[in-house]
Amino acid sequence: MVDTLPIAVTVNGRRRTLEVAVHHTLLDVLRDQLGLTGTKECCVVGECGACTVLVDGSAVNSCLVLAVEADGAEVTTVEGLATDGRLSPLQNAFLEKGAAQCGFCIPGQLMAAQALLAQNPHPTLTDVHEGLAGNLCRCAGYQQITEAVMAAAEAAVR
Amino acid sequence: MHAFAYARPATLAEALTLLEKHGPDARLLAGGTDLIVGLRQGAIRPAILIDLKRVAELRHVIDEVDGRIAISATAVMAEIENDDRVGRHFPALVEAAHVVGSVQIRNRATLAGNICNGSPAADTAPPLLVYGAVVVVAGLKGTRRVPIDDFIVGSHQVALERGELVTAIELPLPDRRLGAAYLRLTRRHGTDLASITLCCAVDEAGTTRLAYGSVGPRALLFIDESGVLADPGAPAEAKEAILERVFAEARPSPRSIRASPEYRRAMLRVLGARALRSAIERLAGG
Amino acid sequence: MNGDRVGASPHRVGGRERVTGQQQYVADIRLDDVLHVKLVTLDCARARIVSIDTTAAEQVPGVRLVMTAAGLPQPVPRFGPQFSDRPVLAVGETKYHGEPVAAVAAETKDAAEEGARLVRVDHDELPAVFTIAAALDPAAPLVQDPEIRPTDPRAGTNVLREHRFGWGDVDAAASSADVIVENTYQFPMVTHFAIEPHGFMVAPDGGGIACWSSIQHPYLLQKMLARILGLPLAKVRVFAPDPGGGFGGKQNPKLEPLLAFIALRTGRPVRLILTLDETFQSVRRTSAEIRVRTGFHADGTLAFQDIASDFLIGAYVDIADRVVSKGSYLAAGPYRVPAARIVARAILSHTTPATAFRGFGNPQVNWARESNIDEGARVLGIDHLEIRLRNLARHGEAFVPGDTPADGDWVQTVRKAAEMIGWRTPLAPGRGRGLAVGLKSGPTTGLSYSTVRLLADGSVLVYSGTSDMGQGARTIFAQIAAEELGVPLDRISVVSGDTSVVPYDQQTSASRSSVLMGTAVLFACRDIQEQVRAMAARLHGLDEANIVVERGMVRLPDRETPIVDVLRSGLGRLGGELIGNGTMRKEEDPGHPLGGTAAFFEFNCTASEVEVDEGTGEVTLVRHVTVGDVGRALNPLQVVGQDEGAAIMGLGHTLMEQIILDETGRIRNLGAIDYRIPTSKDLPLELRSASVENADGPGPYGVKGVSEGALLCVAPAVAAAVTEATGVVIRDLPLTPERVWRALAERPGPAEVSR
Ligand SMILES: Cc1cc2nc3c(=O)[nH]c(=O)nc-3n(C[C@H](O)[C@H](O)[C@H](O)COP(=O)(O)OP(=O)(O)OC[C@H]3O[C@@H](n4cnc5c(N)ncnc54)[C@H](O)[C@@H]3O)c2cc1C
Ligand code: FES
Ligand code: FES
């Protein structure tokens with residue numbers, strides 16, 4: 001018997017009420033119930049960061065959060081970064097610096113970077129490396145990703 | 001993950017009642033960073049999870065009361081890292097909290113969960129031992145305060161009875177000036193579970209408190225009141241002799257894939273000496 | 001507009017999708033009415049399957065089918081790119097940890113998982129071999145059924161094949177050598193760890209099937225499925241969405257045939273997205289033990305190379321035997337070597353099937369050879385840079401008799417790397433520097449078709465069957481079309497990933513795509529240029545000989561106009577389009593030991609400066625430099641991404657990565673928790689890459705392949721630096737803190753250390 005519960009979440013600014021299985025993670029529900037497949041699944045044990053989303057503004061591994069735990073929360077996924085089809089400064093910087101190779105880790109990197117910059121608008125290189133240390137990139141575009149985050153931070157200053 | 005039930009008590013009484021009712025079929029859910037991994041791996045198959053995050057009495061707080069800092073059971077590593085009072089009085093705990101997993105993990109992982117999970121490698125165990133933390137345990141019958149050294153029992157074993165949970169971890173404000181340092185050994189520079197965790201604090205009176213983990217079923221605490229370890233001028237051999245005794249209790253697992261027992265023993269000495277040195281320097285540097 | 005052309009770095013094609021979450025990888029594609037599949041595996045390596053009880057699983061609500069080998073056509077079909085040895089499901093026995101013995105298809109993922117948990121497989125664990133020594137023991141159990149290669153005299157052993165290459169007389173050379181250095185080097189088992197786990201879907205489709213796979217070689221998959229299912233190629237449609245990282249691990253088919261049989265049995269679309277742990281159990285790099293005996297003359301010039309490599313491949317061959325032969329063929333390196341003897345064996349074991357992995361056997365061999373050259377240099381007292389400069393083959397020199405001569409100015413590359421690392425500058429105490437070169441041959445055969453359509457409004461469709469797994473192939477093809485047809489990138493679409501729509505491409509591997517598919521695209525564009533020329537001649541009543549069409553422009557005797565203008569007038573009121581076709585074929589050469597000469601070489605020089613914590617053995621990369629001879633950087637930013645990415649991946653196997661097996665062959669560090677790869681905090685403090693561009697490659701505008709080079713010789717460069725910093729020589733990888741510490745602990749007293 002599968003227990004389900006109703007939850008209400010605001011995803012990318014849109015309020016949703018839905019019935020979720022209590023053993024399903026936020027990642028499962030985003031991808032399978034809401035069709036928001038931008039958030040990626042890889043290790044499902046919190047190691048790779050591909051599933052990173054913002055819950056009430058802080059970056060979390062959505063594979064380690066049950067959907068029921070997000071009840072009442074504001075969730076932001078990579079689909080919520082652009083506004084009216086206009087890329088965010090961070091997204092633009094990722095494009096500009098060639099940070100996305102295969103792209104599979106990129107949604108997670110973007111969300112971790114988004115949280116970092118919200119908390120620390122003027123990060124040092126070390127801050128960026130630390131802030132993104134939970135996001136593996138096997139294409140290993142770390143240097144380009146870091147440059148992109150720094151560039152986005154600078155652009156915001158100007 | 002297998003299917004289970006989920007409860008989200010609003011009060012401590014409700015949580016305790018549920019816990020009492022379900023006994024070993026229940027698991028408490030804090031940040032879930034250990035628990036969900038365990039569920040994924042099928043290592044545990046509880047029938048119900050009791051989520052502590054909305055228990056009114058446990059709201060995210062780090063409070064200073066009666067000469068101690070109380071860290072609630074839902075306070076996460078990120079909050080501990082950023083708390084001025086904790087930073088001022090217990091910098092080595094901040095250093096340890098700061099290396100737990102990634103930012104994403106630290107936004108979820110609670111201090112209480114780190115201890116209650118009972119991993120020998122828990123990063124916060126050595127500093128909590130060094131700072132003489134007290135674990136506040138609540139049950140339907142009442143509340144008790146357990147020194148951390150008694151609370152940690154063995155690998156994945158803590159001194160919780162059926163129906164009990166941890167509401168907070170308290171740190172007595174030091175009555176003397178301390179210099180403290182936390183060090184760990186990992187397989188890469190990036191996030192990793194440590195093969196050695198080690199914390200050392202020296203105080204003005206010459207007492208040294210040193211705790212280390214990940215080299216046996218539980219983290220261990222040693223107190224040196226001879227003054228030798230804390231003495232910047234004491235001969236290296238004298239210090240080494242004491243550290244040798246301190247580390248003789250290490251029981252590193254031969255089955256671990258993270259590091260061999262031999263390496264772990266050798267690294268205890270290296271990290272021990274380094275942590276001691278930096279604790280002494282910090283004490284001197286004020 | 002210029003920013004769109006060759007040599008510029010426009011935004012990646014597919015870049016916007018990647019930063020918005022719109023890019024669809026296999027797992028993101030939803031099929032209606034789909035059944036979810038979960039594999040049933042055993043928690044041991046080799047076991048006899050006594051019986052499989054599916055009753056409990058079948059009773060799980062939502063479970064529709066439990067497929068076992070008995071439910072498949074008999075004999076159970078087998079497949080593989082080199083040998084048809086891999087069965088669709090294990091038959092009678094499993095041969096490695098994680099080999100699927102059954103699969104459960106259900107209405108939900110949960111039901112499939114629950115069903116899989118309830119399938120009871122009665123099995124007996126069998127003796128098995130996991131190391132080279134155990135596999136070579138005459139009493140060792142055989143990994144492969146001798147029936148797979150009935151005519152092979154080695155079928156009764158675990159040696160799959162022995163490859164021999166070489167030239168000159170090594171024994172004679174040995175007698176004239178001044179110094180001979182002989183050592184054995186180990187290279188660990190490592191896994192690809194693409195962040196996208198492998199995913200597959202199959203749906204019945206008219207009289208045939210449609211298959212979605214995160215595969216690098218969709219046309220190979222199409223051919224294989226057609227054969228196994230007895231379907232015409234036209235009835236097997238393979239969709240290959242961009243893989244989320246491939247690195248070789250996604251080259252060859254794995255579970256698609258199983259899904260096809262389940263789809264056909266149930267009449268439903270089926271879907272299987274592997275977990276990362278299951279992905280670890282599907283692919284890995286070959287580990288190797290390589291003995292190198294190198295002869296030197298007193299002046300440091302090489303007298304001979306005598307190299308014997310044993311590669312531990314897995315339970316099924318996949319492409320691993322080719323990895324062994326192709327990797328070893330160039331074992332003597334980019335040097336003038338008067339005599340070489342190379343023997344390489346592919347040895348089967350009860351482990352994860354080894355397959356292609358960035359570098360294709362060469363990183364293993366380069367590690368051993370370069371390290372041994374450093375040993376020689378130490379004995380001779382010659383600088384590591386100097387010894388390489390003395391021996392490197394010069395441009396045009398035939399360094400492997402009978403093969404493509406050195407196709408680049410390799411000395412220039414090495415000098416550049418040395419300069420960037422500050423080779424001659426003084427070193428801080430406790431630090432060391434190392435430098436090594438790597439060489440890999442590009443494809444030995446190839447066949448790529450492209451179609452380019454210049455549409456009525458001057459926009460362009462480029463059809464290319466190359467898989468874009470991050471290397472940016474589509475961007476390059478679009479840039480080529482932009483360059484040749486004078487169309488801005490935002491008016492060009494590159495279509496790939498659908499075998500029913502896009503013409504054939506042999507494969508996406510061996511850093512071939514810019515060269516081979518790039519040429520096909522170029523030819524297709526040139527085909528269109530020819531048509532435009534004819535059009536212009538007709539429009540202006542000129543002789544075609546007086547018209548030149550190039551780089552987007554039509555040059556008439558008195559003026560020039562953009563191709564698009566000629567197109568508009570030329571197509572007239574009815575509109576239409578121009579269709580160009582291009583084919584690039586690199587023929588087989590049956591007389592060549594590898595079946596063909598190298599289309600080009602990837603040459604790289606890596607230099608590294610490290611600091612070693614002598615207390616803990618931790619190695620910190622202070623500076624890391626990688627320089628590749630790329631011929632021409634068609635998109636410099638993408639070259640940097642490839643080079644730095646490959647360098648960091650190389651740091652993985654150099655410093656931390658290693659699959660660890662227990663005594664029963666189970667992978668102990670299965671998954672992300674205990675298999676460590678570099679993170680953002682593991683980067684060298686300073687990482688720099690550069691390219692040598694002499695436009696001397698065989699591809700469009702002088703391009704050569706990129707993307708594997710920077711990984712080839714990371715290990716020897718870093719290890720040499722560690723040696724310089726500490727005085728200890730380590731011949732096993734990875735250089736974990738513990739391994740370095742151990743070597744330091746065994747180091748003779750400081751007085752004897754020569755620095
Ligand atoms: C990717 C990753 C990296 C990690 N890295 C580190 C690391 O570097 N160092 C480290 O120490 N740990 C690490 N961890 C482990 C984990 O994050 C920590 O142990 C964390 O502090 C656990 O807290 P939690 O709130 O998530 O606990 P949960 O997972 O919610 O709970 C853990 C256990 O404690 C019990 N529990 C929780 N709260 C209470 C309570 N109030 N009373 C009684 N029992 C309770 C739960 O029932 C469960 O058994 C890592 C985990 C992951 C997934
Ligand atoms: S999938 Fe969540 S961290 Fe890897
Ligand atoms: S871009 Fe491929 S994994 Fe990061």
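Reckoned from all heavy atoms, side chains included, excluding hydrogens, waters and symmetry mates.
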query = Which region of A:Leu5, side chain (C-beta onward) or backbone (N, CA, C, O), has a non-hydrogen atom less than 4.5 Å from a non-hydrogen atom of chain B, or is it both or neither?
reply = side chain
key: Contacting moiety of A:Glu130, where chain B heavy atoms sit under 4.5 Å   = both
Find the distance between [atom1] ([X]) and [atom2] ([Y]) and round it off to the nearest 0.5 Å.
X	Y	atom1	atom2	answer
A:Ser88	A:Leu117	OG	CG	9.5 Å
B:Ile36	A:Glu69	CD1	CD	5.5 Å
B:Tyr263	B:Ile196	OH	CD1	7.5 Å

ask   = Should we say atom CZ of A:Arg14 is surrounded by more than 12 heavy atoms from elsewhere, each under 6.0 Å from it?
value = no
request  = Give a yes or no on whether B:Glu14 atom CD has more than 12 heavy-atom contacts from other residues, nucleotides or ligands under 6.0 Å away.
outcome  = yes
Flag, side chain of B:Arg282 to backbone of B:Gly285, donor-acceptor distance under 3.5 Å = no
message = Does B:Tyr6 form a side-chain hydrogen bond (donor to acceptor under 3.5 Å, both in side chains) with B:Asp51? I'd like the steps, not just the answer.
response = CA-CA 7 Å; B:Tyr6 170 84; B:Asp51 189 348; 2.6 Å; yes
Side-chain touch [X]/[Y], heavy atoms, less than 4.5 angstrom:
X	Y	value
B:Val94	B:Phe90	no
B:Ile71	B:Leu93	yes
B:Val103	A:Leu116	no
A:Leu54	A:Glu74	no

task = With a 4.5 Å cut-off on heavy-atom pairs, point out which of B:Leu39, B:Thr191, B:Val37, B:Asn107 contacts chain A the most.
result = B:Asn107
message = At a heavy-atom distance under 4.5 Å, which candidate from B:Lys53, B:Arg8, B:His2 has the highest pair count against chain A?
response = B:Arg8
message = Sub-4.5 Å heavy-atom contacts with chain B: which residues of residues 16-41 of chain A show up?
response = A:Val22, A:His23, A:Thr25
key: Residues of residues 134-150 of chain A near chain B, each having a heavy atom less than 4.5 Å away   = A:Gly134, A:Asn135, A:Leu136
remark   = When every non-hydrogen atom of B:Thr33 is compared with those of B:Ala109, the smallest separation belongs to OG1-CB, 3.7 Å
inquiry  = Quick check: closest heavy atoms across A:Thr52 and A:Ala112, and the distance to 0.1 Å?
reply    = CG2-N, 4.0 Å
Side chain from CB out, backbone as N, CA, C, O: work out which of these in [X] comes under 4.5 Å of a heavy atom of chain A, or both, or neither.
X	result
B:Leu35	neither
B:Leu49	side chain
B:His189	neither

task = Considering only NZ, NE, NH1 and NH2 on the basic side and carboxylate oxygens on the acidic side, decide whether B:Asp83 and B:Arg85 come within less than 4.0 Å.
result = yes
message = Can you tell me which of A:Val45, A:Thr4, A:Val44 forms the most heavy-atom pairs within a distance under 4.5 Å of chain B?
response = A:Val44
remark   = Residue from A:Ala115, A:Ala133, A:Gly46, A:Ser58 scoring the most non-hydrogen pairs under 4.5 Å with chain B is A:Ser58
